[in-house]
Amino acid sequence: MEVIQRNKLRMRKLAATNSNLSQQVETLDWDELETALMECIFKKDETGLPESYGPASYFPLIPENSEQKILYEQAFEHGESLVRAGKIAAFTVAGGQGTRLGYDGPKGTLAVSPINGKPLFQLFAEQILGMSEKHGVVIPWYVMCSPLNLEATVSHFTKRKFYGLGQNNLKFFAQGVMPATDFDGNLLLATEDSLALSPNGHGGSLKALIDSGSIADMETRGIEHVSYFQVDNPLVSPINPFFIGLHDLKKSDMSSRSITKTGPFEKLGNFVSIGDRLAIIEYSDLPNDKALEKDAQGRIKYRAGSPAIHLLRRDFIQQFASGEIKLPYHRAEKKVAHLNEAGKLIEPDNPNAVKFETFVFDALPLAKNPLILEADRLDQFSPVKNRTGVDSLESSQADQIKRAKRWLKNAGVAIRENAVVEICPRAFPDQKDLQNADWKRYDMQSDTLYLD
Ligand code: UTP
C-alpha cells in the first residue's frame with residue numbers, strides 16, 4: 001500500500017537520530033495499520049450497515065409467561081451455583097481516556113458515591129468482596145488499563161491495600177495502542193520522539209486479556225465466564241447471578257444486558273438481528289427512519305439499547321488468540337495535537353485526525369447462541385461520561401441516591417423524603433440482602449443515611 005510505504009520512509013528518516021521514535025517505528029504493527037487504514041480511510045464511503053436487519057429480540061426483565069418464570073428461577077439458582085463454584089471472573093475496561101469528563105487521573109479513581117465519595121474502583125471492589133463473602137469464594141478481578149494510566153491505577157490500588165481483595169486476586173494490564181493519522185492516512189507525531197498513540201478501543205480488551213496472560217490465569221483458576229463492565233458505571237452489578245445463569249443455561253458464547261432507550265435517538269448502541277446473528281449498530285449509524293419505526297403496540301422497534309454489560313465465555317475469548325478472527329476498526333475523528341512539517345506544535349480547534357478503535361460488541365456476531373437480557377436502567381446503568389448534564393457525575397449521583405431509596409422502599413423501610421442515602425455494596429451487594437439488615441443500627445430519621 002502506497003501510503004504505508006510513504007509513512008515508513010518518512011518515519012524512518014525522522015527516527016534516524018531518535019532512539020525512542022526509532023523503537024516505536026520498528027515495533028509498529030504495519031500490517032495492522034494497513035488494515036485500519038483500509039477499513040477506515042480508504043473505504044470510508046461505505047456505510048458498513050448490513051443489507052437487511054431488524055430489531056433484536058431479548059429476554060424481558062419480567063417474565064412474560066410461566067415457562068419463562070421457571071426458566072428465570074432456574075437461571076438465578078444456576079448462576080449462584082456457578083459463582084459459588086468459582087467459575088466467574090470480574091473484568092473492567094478502564095483504558096479509555098475519558099476526554100469528555102476531563103478528569104486528571106484514571107476515571108476509576110474519581111470519587112462518585114454521594115455521601116462517602118467512594119471512587120468508582122472502590123464501589124466495584126466492595127461489590128466483588130461482598131459477593132465473595134456471601135458465596136464463600138474468591139472472585140478474581142481483571143482490570144484493563146492503557147499504557148497511559150496503568151501506573152496511576154496500580155498506585156491507587158496499592159495505596160488502598162487493594163481494597164481488601166488480596167493482591168493475588170487482582171490483575172492489572174495495559175491494552176494495545178494504535179497511531180493516529182491525518183485524514184489521508186499520514187502518521188502524526190505527538191512530540192519529536194513519539195508518534196501520536198492512543199488506546200485501541202475497548203475491543204482491544206479481548207486480545208489484551210490473552211496477551212497479558214489473564215486468560216491463561218483464568219484457566220488455571222477454573223474460570224469459565226468473564227463478566228465485562230465499563231469503569232464509568234457505578235450502578236452495574238459486577239457479578240450478577242441471574243444473568244450468569246441464563247447465559248450459561250443457554251450455552252451462549254457472549255450475552256448482553258439491554259435497557260429500554262429513553263427515545264429513538266438516545267446515544268446508545270442498538271441491538272439488531274442479522275439473520276440468526278446478533279449485532280449492535282451504533283446510534284450514529286442507525287438511519288432515522290429505522291430509529292423511528294414503531295411496532296404494533298406503538299413501542300419503538302429499536303428500543304433495546306446497550307449499557308455495555310456483557311458476559312463472555314473464556315474459551316470464546318481464546319478464539320481471538322491466533323489473530324485469524326478479528327474485530328473491525330471504527331473511525332473516530334478527533335482533535336489530536338501534533339507537530340507540523342516545520343516541527344511546530346499544532347493544537348487544533350476541530351477534529352483533524354483519525355483514531356482507530358475496535359469495539360467489544362463487534363464480537364457478538366461471532367458468538368454462538370448469543371442472548372440479550374433486559375435490565376432495569378435504574379438498577380444497572382448511570383454512567384459518568386460528561387462534566388455536566390446527561391450521563392454526568394451529578395446525574396449519576398442522583399441515580400445512586402434514587403436507587404438506594406427504591407431499595408429501601410422495596411424493603412418496606414420508611415425514611416425522610418429528602419434523605420440522601422448511600423448503601424455499602426460490600427454489606428448489601430444486592431437489594432435482596434437488605435432483608436437481613438439490622439435496622440436498629442441506623443438512624444432512619446437522619447437526612448444522610450449510610451447503610452453499611
Ligand atoms: P468511552 O467510549 O466512554 O470512552 O469508553 P472514554 O475514553 O472512557 O471517554 P471519552 O469518550 O474519551 O470521553 C467506554 C468504556 O470503555 C473503556 C473506557 O475506559 C470505558 O470504561 N475503554 C475505552 C477502554 O478500556 N479502552 C479504550 O481504548 C476505550
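Indexing begins at 1, ligand by ligand and atom by atom, following the structure's order. None of the values given here were measured: they were computed from a predicted structure.
With respect to atom 24 (C) of ligand 1, the closest heavy atom belonging to the protein is Gly96 N, 3.2 Å. Of all protein heavy atoms, the one lying nearest to atom 7 (O) of ligand 1 is Gln97 N, 2.8 Å. In terms of protein heavy-atom proximity, atom 12 (O) of ligand 1 is closest to Thr99 OG1, 2.5 Å. Of the protein's non-hydrogen atoms, the one nearest atom 25 (O) of ligand 1 is Gly95 N, 2.8 Å.
Between Phe359 and His330, the distance from one ring center to the other falls under 6.0 angstrom. Ring centroids of Tyr163 and Phe157 are separated by less than 6.0 Å, placing the two rings close together.
Closest to atom 21 (O) of ligand 1 by heavy atom, among Val360, Val93, Val177, Asn149, is Val93. For the residues Pro106, Ala332, Gly98, Ala94, the heavy atom positioned nearest atom 6 (P) of ligand 1 is part of Gly98. The option from Met178, Gln175, Arg100, His202 that lies nearest to atom 26 (N) of ligand 1, judged by heavy atoms, is Gln175.
Atoms of ligand 1 lying under 4.0 Å from at least one heavy atom of Met144, given by number and element, are 25 (O). The atoms of ligand 1 that sit less than 4.0 Å from any heavy atom of Lys385 are 1 (P), 3 (O), 14 (C).
Judged by a 6.0 Å distance limit and a 45° cone about the ring axis, Arg331 is not positioned over the six-membered ring of Phe356. Annotation: cation-pi pair Lys118/Phe124 absent, no NZ/CZ under 6.0 Å from the ring centroid and within 45° of its normal. Cation-pi geometry between Lys432 and Phe76 is met: the NZ or CZ atom falls under 6.0 Å from the ring centre, inside 45° of the normal.
For the pair Ile300 and Pro264, the tightest heavy-atom approach, listed with the atom from each and the gap, is CD1-N, 3.6 Å.
In terms of polar-atom proximity, defined here as any N/O pair under 3.5 Å, Gly201 does make such a contact with ligand 1.
When side chains are defined from C-beta on, Leu235 counts as touching Arg403, because their heavy atoms get closer than 4.5 Å.
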